[in-house]
Amino acid sequence: MVPDVAGIDKRFDYLAPPDTPVGALVRVTLNGRRVGAWVVDVDVDPPADVALRQVNKVSGLGPAADVIEVAEWAAWRWAGRLTSLLRSASPAVVVRGLPPPAAAERLPVTAPALPAGGRTVLRLAPAADVYPVVLAAAATGDALVLAPSVDQAGLLAMRLRRARVPVALVPRDWARAAAGGSVVVGARAAAWAPAPGLSAVIVLDAHDEVYQEERTPTWNAWQVAAERARRAAVPCVLVTPCPTLEQERWAADVVVPSRAQERAGWAALEVVDRRKEDPRSGLFSDRLVTLLRGGGRVACILNRKGRAKLLACAACGELARCERCDASVESVEAARLHCRRCGLDRPVVCQACGSQRLKLLRLGVSRVAEELAALAGEPVAEVTADTADLPANRVLVGTEALLHRLDAVDVVAFLDFDQELLAPRYRAGEQALALLARASRLVGGRGSGRVLVQTRAPAHEVLDAALHADPGRLAAVEGERRQALGLPPFAALALVSGEAAPVFVDALSADTAVEVLGPDDGRWLVRAPDHAALADALSRTARPAGRLRVEVDPLRF
DNA sequence: CGGACAAGCTGA
DNA sequence: CAGCTTGTCCGG
């Protein structure tokens, strides 16, 4: 068994009641402590020199043998601890027994056949309905269907139930999924859901970054689900309007709709070249003003991430500056202000009045809302990540998070798309196209609403791809660039940080299978030709004591 | 991780 | 040398 204790990544042998299955969750006494544990193997040959203890209690059911094996693979692939993955694969509440499997009678599904072959990317335009693909998967038997959010998974489950398809919506219906006979539907963590009779895997909006876990190990749900499909020898279909380069490379087959179909599902893009606009109009082009006044619901997107954030005293309004060089300072921790220019740290206190309360000035954003309101002739609501309820205003302004709060709008306007296009992340292009895909879906594709993009780079390949409703145009350019720079998917990367990092990378740099770059800001980048080489090198390098974070497939570095 | 135990430091 | 801290090891 594997104990559920952080810091112990090791197996121990215990005596368990007869018929205890692999995957059982048990309580054991380990070194005088009562801890939970997963039974990952039975009928083992224990080492001769240890006296075995009895497990204290069999508490319930956990991940079955096939899922445990995938968890072991993922621990290698993402250089993480098995326990953290087994936790993701375990039910949220104790499961003592399974309900009877769903009735075997299957609906007469009238659905198109699932693409033949094991590894398929199905490029479907943003506004296209994915439901027929899900139905096709349901017709194969116990399919596993992943959606990017819990809400979308819930809606999909409801739609399937209405069509009389037996559905297990995980994590809620974990036991029903484990019993078999149902289509298993869920969000990211559903990649680990039980699916004893797995017949197919479908990942919806597979390009979405929410499928990657942020905490280490940084496993990715589409890759975990694809690995399960591979092991079960069943088809895996990634459905997305804009496949990532990794996904195109993974696929044995990329199914592309007809030009007409794909064009119909992408919004007609209106690109405003900000270089040709009157500079006095700032973020508000004539075209934007026309759309604002044209009626219908308008979502204005302004990404303020990465912008200069200024701190000011909440009492006297004085700006917080560096004592040494007078630059603005940022708040890195609760009790500390940091100067990026000269590196000086100082406590959080106003230099003018001594107050310890500072507030964040989000430069210009309130003014953007005010100016939009003036132009629209009505109040404009600002939506931030912590806006609880979506305001009823016709015109909304917010970050890209706003795109995920809305179901349908008439106009999406990206006020400054260069923030997205030129972000210093190697996936910026793909991410920017994904935003345009999302916007296209919200306005309902070509001929419905409008997507407006204000930019100083109107010829950028992301805009070219969206204008032509052809994500392949971005992939071609992006693929060449990544290959030239040695970036994924033409290499495998890991970011290593933490107090123990220097010792760890020192040992790693002796390994000829990988290349160690850095440090940059206390973090090293480890590069290998492929993931097998990277994972092997990371797993054969001894981990020193102390905090060590190994982030495989870093989204930014 | 957290308990056990050993080795090292301090003060009387 | 007791009393305490710090480090290392190990769990079935």
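Atom set for the values below is all heavy atoms of this structure, side chains included, hydrogens, waters and symmetry mates excluded. All chains are named by letter (A, B, ...) in the order of the sequence lines, taking the proteins before the strands, and each is independently numbered beginning at 1.
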Write down the distance between OH (A:Tyr14) and P (C:dG11), rounded to a whole number of angstrom. 10 Å
Please classify the nucleic acid contact of A:Pro3 as base, sugar-phosphate, or nothing, using heavy-atom distances under 4.0 Å. nothing
What is the distance, rounded to the nearest whole Å, between atom CG of A:Leu52 and atom C1' of C:dG11? 13 Å
Using the side chain to side chain donor-acceptor pair (under 3.5 Å) rule, take A:Asn56 and A:Thr29 through it: C-alpha gap first, then chi angles, then the decisive distance, then the call. CA-CA 7 Å; A:Asn56 297 329; A:Thr29 304; 2.8 Å; yes
Could you please spell out the steps behind the side chain to side chain donor-acceptor pair (under 3.5 Å) verdict for A:Ser90 and A:Trp38? CA-CA 9 Å; A:Ser90 301; A:Trp38 291 272; 2.7 Å; yes
Given the options A:Arg427, A:Gln223, A:His207, A:Glu246 meets side chain to side chain donor-acceptor pair (under 3.5 Å) only with A:Arg427
Whole-Å distance, A:Arg33 CZ to C:dG11 C1', equals 9 Å
Whole Å only: how far is the CZ atom of A:Phe12 from the C1' atom of B:dG2? 13 Å
Students often get this wrong, so: under 4.0 angstrom with heavy atoms, is A:Leu30 touching a base, only sugar-phosphate, or nothing? sugar-phosphate
Atom CZ of A:Arg34 and atom P of B:dG2 are separated, to the nearest Å, by 18 Å
Taking the six-membered ring of A:Phe557, is NZ or CZ of A:Arg523 closer than 6.0 Å to its centre and within 45° of its axis? no
What nucleotide, of C:dG11, B:dC1, C:dG12, holds the atom closest to the side chain of A:Val5? B:dC1
Without decimals, in angstroms, what is the distance between A:Asn31 CG and B:dA4 P? 8 Å
Contact class for A:Ala51 vs. all strands (heavy atom < 4.0 Å): base, sugar-phosphate, or nothing? sugar-phosphate
Atom pair distance, as rounded to whole Å: CG in A:Asn56 and P in C:dG12: 12 Å
Any side-chain N or O of A:Lys10 under 4.0 Å from OP1/OP2 of C:dC10? no
CA sep, side-chain torsions, deciding dist, call: A:Leu403, A:Ile301, side-chain contact (heavy atoms from CB on, under 4.5 Å): CA-CA 8 Å; A:Leu403 290 178; A:Ile301 310 301; 3.9 Å; yes
Whole angstroms only, please: what is the CZ-C1' distance between A:Arg11 and C:dC10? 18 Å
Among B:dC1, C:dG12, C:dG11, find the nucleotide with the atom closest to the side chain of A:Arg53. C:dG12
